[in-house]
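First up is the structure itself, then whatever we jot down about it.
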Amino acid sequence: MAKKISTVIFLFYLFIFSLTFCKDQSRNLTIISGSENESMEPIIKRFADENNLTINMKYKGSVDIMIDLAKENNEFDAVWPASTLWVGLGDTNKKVKHLKSIMTSPIVFGIRKSLALELGFVNKEVTVKDILSAIRSKKLKFIMTSATQSNSGTSAYLGFLYALLGNPETITEKDLANPTLRKDMKELLRGINRSSGSSGWLKELFLNGKYDAMVNYESLILETNKILVSRGEEPLYLVYPIDGIVISDSPLGYINSGNQKKEESFKKLQDYLLSEKIQKEILQSGRRVGFGGTIENSDKTVFNPDWGVDTQKIISPIKLPSADIIRKALSIYQQDFRKSSYTVFCLDFSDSMTGKGEKELKEAMNLLLDKKKAEQYFINFSPSDKIVVIPFSDITIDTWKANGNNRKEIETLNSQIQELAPSGATDIYSPVIEALAELENIDTDQYSPAIILMTDGVSNSGKEFADVSRKYKNAGVDIPVFSIMFGEASESQLKEISKLTHARVFDGRSDLIQAFRTAKGYN
């Protein structure tokens, strides 16, 4: 009898626990989002607090959002990318519902105003071919995110395609093979003097470097101008190419899991973001809201007409092609159109790498050098890319080279890396100096140079940072040194190099391969 009572009590508490657990789960929302929505966090937190919800934002790049969305099962309740096109590409299981645009921002050129005046772009309708002419005459260089890693880069690239093809009703596979388009696009993309995998980081790069122009979201260029003006520096003039505009529509959608309570919480959040009060708040941050992108009584301190912003003009975006054509266009960009990369990989093979570090480093390089695996993430080499690998410990062990169009050389390079065993102490500076020497005389009109340094150690022998600084300044070329740290790597040593070369440090301690992929997306 006593046993029966105990069993009943146990089942009763199990029932109560189950109800509580279900309730708690239904009050949690995890949203996979583009990093441009980080500035929306205070609004999201306010809503969560007022409604006793827990909302977690997980920021990822557009390609990763697309890949996660395509999985049969994922950990996310909602998706908030920069553009609907990533939902179209990734939602192959048709799980996304209630998709609504929260705000918009066109992707535009921001050009230093004095240069925009010199080019004749001020108070004038500018076409993509006008921009191409300025690049051909070597009067314009610009920074832009990678078309295969970031939404702003993808959007700009699709806009360029439409404009250079003469604005067809839609782009076809035959159009992408057009010889004139291929020639014009390659010349246009040669105008890029630095790239990145993140729009937010591109803004920081512009503010920290000496560049004349960038392609980015209107909202981020407006934020850049605020900072430039506060420093007493010349602002950027916003140029909206009339034949190649793409608008980022920032759609928020629910990923259907059959949990009705979660769905109700999601819809409440979406309604809140679209309420008149919150839409006004979003507008003050430099994002557009409402139909056609026009804004009545806009705040001139945010949407400043002197910077080229016209909030009364209806922006006519291009019609995006089908998902299959977008995938094909991105593949061609990575393989044929983008400016060729000349990348030196400095790989730590010191003794401390033995074990997990060695295994992960070799897996990361195998991912990059295996064409099929690399294509999945749009980080594959093009036929004209140059690859150099410098393995190091307290000495530079060797220098291996391969051309992107030579599969035998690539396979040999991969074999050399896979067969190398760690040993010795650590000197991170000598291989970087050798890499700078390799890149200082290349033609930067033809190649985008970059060094990727991967290390788990503290530099404790050989050269010093001052030697790298001296070499970098003497070279006089804009060569970024991106670092990937893992294990016990010295973050301060790596940040010193990144600051010098206007690059960044990626943390590979939790996922080295992911960090490696991200770093490669910056070149």
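We number each residue from 1, following the sequence as shown. The structure presented is a predicted model; accordingly, all values stated were derived computationally and were not measured.
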Practice task
Tell me, with the steps shown, if T172 and D175 meet side-chain hydrogen bond (donor to acceptor under 3.5 Å, both in side chains).
Solution key: CA-CA 5 Å; T172 65; D175 288 330; 3.2 Å; yes
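- Judged purely by distance below 3.5 Å, without hydrogens or angles, the side chains of S382 and D385 pair a donor atom with an acceptor atom.
- The backbone N or O of N178 lies less than 3.5 Å from no partner atom in the side chain of R182, so there is not a single donor-acceptor pair.
- Between R288 and D249 there is no salt bridge, since no side-chain nitrogen of the basic residue lies less than 4.0 Å from a carboxylate oxygen of the acidic one.
- Side-chain contact between P391 and F345 is absent, with no heavy-atom pair separated by less than 4.5 Å.
- The pair K401-E438 meets the salt-bridge criterion, since a charged nitrogen lies less than 4.0 angstrom from a carboxylate oxygen.
- Taking the side chain as every heavy atom from C-beta outward, M365 and V389 approach each other to under 4.5 Å.
- Between R287 and E218 there is no salt bridge, since no side-chain N of the basic residue sits under 4.0 Å from a carboxylate O of the acidic one.
- Under the 3.5 Å distance criterion, the side-chain polar atoms of E375 are left unmatched by any main-chain donor or acceptor of N380.
- The heavy-atom pair separating P81 from V87 by the smallest distance is CG-CG2, 3.8 Å.
- Here the straight-line distance linking atom NZ of K495 with atom CE of M485 works out to 7.0 Å at 0.5 Å rounding.
- Ion pairing between a basic and an acidic side chain is recognised when a charged N comes within 4.0 Å of a carboxylate O; R194 and D478 show such pairing.
- A salt bridge links R136 to E187: at least one charged side-chain nitrogen sits closer than 4.0 Å to a carboxylate oxygen.
- Between the side chain of N193 and the backbone N or O of K141 there is no donor-acceptor pair closer than 3.5 Å.
- Contact record, K373 with N366: NZ-ND2, 3.1 Å, taken as the closest heavy-atom pair.
- Distance alone, capped at 3.5 Å, is enough to place a donor-acceptor pair between the S137 side chain and the A134 backbone.
- You'll find the side chain of S498 stays beyond 4.5 Å of the side chain of V481, heavy atoms only.
- Applying the side-chain hydrogen bond (donor to acceptor under 3.5 Å, both in side chains) criterion to E434, with sequence neighbours excluded, gives T396.
- In this structure, Q312 places its CD atom where more than 12 heavy-atom neighbours from other residues, nucleotides or ligands lie under 6.0 Å away.
- In this structure, F109 and Y237 have side chains that are not in contact, with every pair of non-hydrogen atoms separated by 4.5 Å or more.
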Exercise for the section: Go through I143 and I192 one step at a time and tell me if the side-chain contact (heavy atoms from CB on, under 4.5 Å) criterion holds. Expected result: CA-CA 5 Å; I143 62 176; I192 297 174; 5.8 Å; no
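- Side-chain contact check for N403 and K386: at least one donor-acceptor pair (N or O, by modelled atom type) lies under 3.5 Å.
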Exercise for the section: Give the C-alpha distance, both sets of side-chain angles, the deciding distance and a yes or no for side-chain contact (heavy atoms from CB on, under 4.5 Å) between N474 and R470. Expected result: CA-CA 6 Å; N474 287 341; R470 193 178 308 112; 3.8 Å; yes
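- For Y162 (side chain) and K319 (main-chain N/O), a donor-acceptor pair under 3.5 Å exists by modelled atom type.
- Remark: K463 NZ is loosely packed, at most 12 non-hydrogen atoms of other residues, nucleotides or ligands lying under 6.0 Å away.
- A heavy-atom distance below 4.5 Å is found between the side chains of Y59 and E38.
- Side-chain atoms of K203 do not come within 3.5 Å of backbone N or O of N216 as any donor-acceptor pair.
- Between K210 and E233, no side-chain nitrogen of the basic residue sits less than 4.0 Å from a carboxylate oxygen of the acidic one, so the salt-bridge criterion is not met.
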Problem - Worked verdict on K60 versus D68 for salt bridge (charged side-chain N to carboxylate O under 4.0 Å, His left out) - result: CA-CA 10 Å; K60 291 198 174 187; D68 278 336; 2.7 Å; yes
Handout entry: Steps toward side-chain contact (heavy atoms from CB on, under 4.5 Å) verdict (L158, L85)
Key = CA-CA 11 Å; L158 292 175; L85 78 88; 4.2 Å; yes
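- Checked by atom type, the side-chain pair Y217/N151 shows a donor-acceptor distance below 3.5 Å.
- Although no hydrogens or angles enter the test, the distance criterion places a donor-acceptor pair under 3.5 Å between the side chain of D299 and the main chain of T301.
- Listed here is the closest heavy atom pair of E440 and A437: CG-O, 3.6 Å.
- Counting non-hydrogen atoms of other residues, nucleotides and ligands closer than 6.0 Å to CD of E41 gives a total above 12.
- Heavy-atom minimum distance, L453 versus L494: CD2-CD2, 3.7 Å.
- Note on ring orientation: taking the six-membered ring where Trp is involved, the planes of F506 and F482 are tilted (angle from 30° to 60°).
- Panel note: side chain N208, backbone L205; no donor-acceptor pair is recorded below 3.5 Å.
- No more than 12 heavy atoms of other residues, nucleotides or ligands sit less than 6.0 Å from atom NZ of K100.
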Exercise for the section: Check step by step if salt bridge (charged side-chain N to carboxylate O under 4.0 Å, His left out) holds for E118 and K139. Expected result: CA-CA 9 Å; E118 182 186 331; K139 291 180 179 175; 5.5 Å; no
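- Side-chain rings of Y211 and F142 stay apart, their centers remaining 6.0 Å or farther from each other.
- Nearest heavy-atom pair across T145 and S195 is C-OG, 3.8 Å.
- Rounding to the nearest 0.5 Å places OG of S331 at 8.0 Å from CG of D336.
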Exercise for the section: Please test S150 against S62 for side-chain hydrogen bond (donor to acceptor under 3.5 Å, both in side chains), starting from the C-alpha separation and ending with a verdict. Expected result: CA-CA 6 Å; S150 171; S62 297; 5.5 Å; no
Practice task
Verify side-chain hydrogen bond (donor to acceptor under 3.5 Å, both in side chains) between T148 and S146, making sure each step is shown before the conclusion.
Solution key: CA-CA 5 Å; T148 50; S146 165; 3.1 Å; yes
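- For N225 and N304, the side-chain atoms include no donor-acceptor pair closer than 3.5 Å.
- Residues satisfying the ring pair (Phe, Tyr, Trp, His ring centres under 6.0 Å) test with Y157, not counting sequence neighbours, are Y333.
- Looking only at distances, a side-chain donor or acceptor of D243 sits under 3.5 Å from a matching main-chain atom of V128.
- Side-chain contact check for E234 and S114: at least one donor-acceptor pair (N or O, by modelled atom type) lies under 3.5 Å.
- For the residue pair S198 and S196, no side-chain donor N or O sits within less than 3.5 Å of a side-chain acceptor on the partner.
- Under a 3.5 Å cut-off, the side chain of S155 and the backbone N or O of S152 do not form any donor-acceptor pair.
- Nearest heavy atoms, I245 versus I107: CD1-O, 4.0 Å.
- Here CD1 of I433 is found 10.5 Å from CD1 of I428. Values are rounded to the nearest 0.5 Å.
- Contact of the M40 side chain with the M57 side chain is not registered, since no non-hydrogen atoms from C-beta on lie closer than 4.5 Å.
- Residues V63 and M66 form a side-chain contact, since some pair of their non-hydrogen atoms from C-beta on lies under 4.5 Å apart.
- Using a 4.5 Å heavy-atom threshold, the side chains of F206 and L236 count as touching.
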Practice task
Quick one: do D445 and K138 satisfy salt bridge (charged side-chain N to carboxylate O under 4.0 Å, His left out)? Show the steps, please.
Solution key: CA-CA 10 Å; D445 283 338; K138 298 188 182 300; 3.3 Å; yes
